[in-house]
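As structure tokens, the structure follows; a few thoughts come after it.
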Amino acid sequence: MPELPEVETVRRQLEREVVGRKIKTVEVSGTRTVRRQPKKQFIARLTDAKITGVRRQGKYLALNLDTGDIVYVHLRMSGQLRKAAAKDEKAKHTHVIVTFTQGGQLRFIDPRTFGEWFVTNPETIDEDAPEIGALGFDPLDEPISWRAFAQVLMARDTKLKTFLMDQTVMAGIGNIYSDEILHEAGLMYDRSTRSLTTMEIRRLYRSVVEILHDAVKHGGSTLDDEQFVDLAGKTGDYAQFHQVYARDRQPCRRCRGTVTKARFSQRSTYYCPDCQM
DNA sequence: CGATCTACCTGATGGC
DNA sequence: TGCCATCAGGTAGATC
């Protein structure tokens, strides 16, 4: 479900809610959420540790512990983090419950069970989770110059949407925001990276930064299925500003065209055939 | 190196 | 009503 703006929205709230708190107990249900290490080990490394910071790397959340360990959380398609009280009823598909010594809980709800939690540390992370080290730059936290972006782009020979969604190039963009960014930039999803002019590259990068920034400002995108909610269960506002995503057969908000839905790499892709070239 | 497909899951939706 | 197919924000791994 969530892409960079949704994960960043949750990160900012976690910073306020869980930093400085000490973990009293951890409950993990099922075998899917904690799957790259024994559940017992995972629980032991979290128990009694204090959370000292919350970072985001692309779509991953990283909770720093005072033990030197780092807890990584990836929401994948349907994961939700929610703040709760011990007495609150347990929602269906609740797979992790972290209870703090001062009271209060952090819960992980994930119907499709693609989401994942694991604990590692800086010494073993490359072995435990090589995909973290392989992540590309973060367009929100570590924006690069458009010239550096042009270098990165020209080093690849692929289609624009594939390029934007490649987490090893730039981390955090998924299916929704790649479509919105390409529309903002006026570029077709299947254009080759090699075909772009200097002007188009600048425009693409400006759109990446602008769209992600705006989406964060509005608390991310909650679609009609209401799957994305923040720590407090609140929806994000950004979907109302979507120009193309899930707007097929509706008029383009920029030109006289009609938003069209296509299939690209087995994913839905939305674009305006009149203002994207 | 890049493209394409499969698999991992549950749930919502639409057609018949 | 029910049954079946299709689709959903992501990513890793196999194969060509």
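Since this is a predicted model, take the numbers as computed values, not measurements. Each chain gets a letter, A, B and so on, in the order its sequence line appears, and its residues count up from 1.
- Put simply, A:R76 has no side-chain N or O that comes within less than 4.0 Å of OP1 or OP2 on C:dG9.
- Residue contacts for A:R267: at a heavy-atom cut-off of 4.0 Å it reaches a base atom on one of the strands shown.
- Looking at A:K161, A:R247, A:R267 one by one, the single match for side chain to side chain contact (heavy atoms under 4.5 Å, CB included) with A:D179 turns out to be A:K161.
- Here the side chain of A:Q250 pairs no donor or acceptor atom with the backbone of A:V259 at under 3.5 angstrom.
- Within 4.0 Å (heavy atoms only), A:Y245 reaches sugar-phosphate atoms of the nucleic acid but no base atom.
- Using a 4.0 Å heavy-atom distance criterion, A:Y60 is classed as a sugar-phosphate-only contact.
- Considering only the side chain of A:Q167, C:dT11 comes nearest among C:dG10, B:dG2, C:dT11.
- In this model, the phosphate group of B:dT4 is not approached by any side-chain N or O of A:Q266 to a distance below 4.0 Å at OP1 or OP2.
- Stacking of the aromatic ring of A:F114 onto the base of B:dC8 is found: the ring centres lie under 5.5 Å apart and the planes are inclined by under 30°.
- When each of B:dG11, C:dG9, C:dT11 is scored by its nearest atom to the side-chain atoms of A:H74, the top-ranked nucleotide is C:dT11.
- The side chain of A:S265 places no N or O atom within less than 4.0 Å of a non-bridging phosphate oxygen (OP1 or OP2) of B:dA3.
- Between C:dG9 and B:dA3, the distance separating the two C1' atoms is 23 Å to the nearest Å.
- Under a 4.0 Å N-O distance rule, the pair A:D138/A:R56 qualifies as a salt bridge.
- Residue A:R32 places at least one side-chain N or O under 4.0 Å from the OP1 or OP2 atom of B:dC9.
- Ranking B:dC9, B:dG2, C:dG10 by closeness to the A:T158 side chain, first place goes to B:dG2.
- Under the Watson-Crick or G-U wobble criterion, with both distances below 3.5 Å, C:dG13 is paired with B:dC5.
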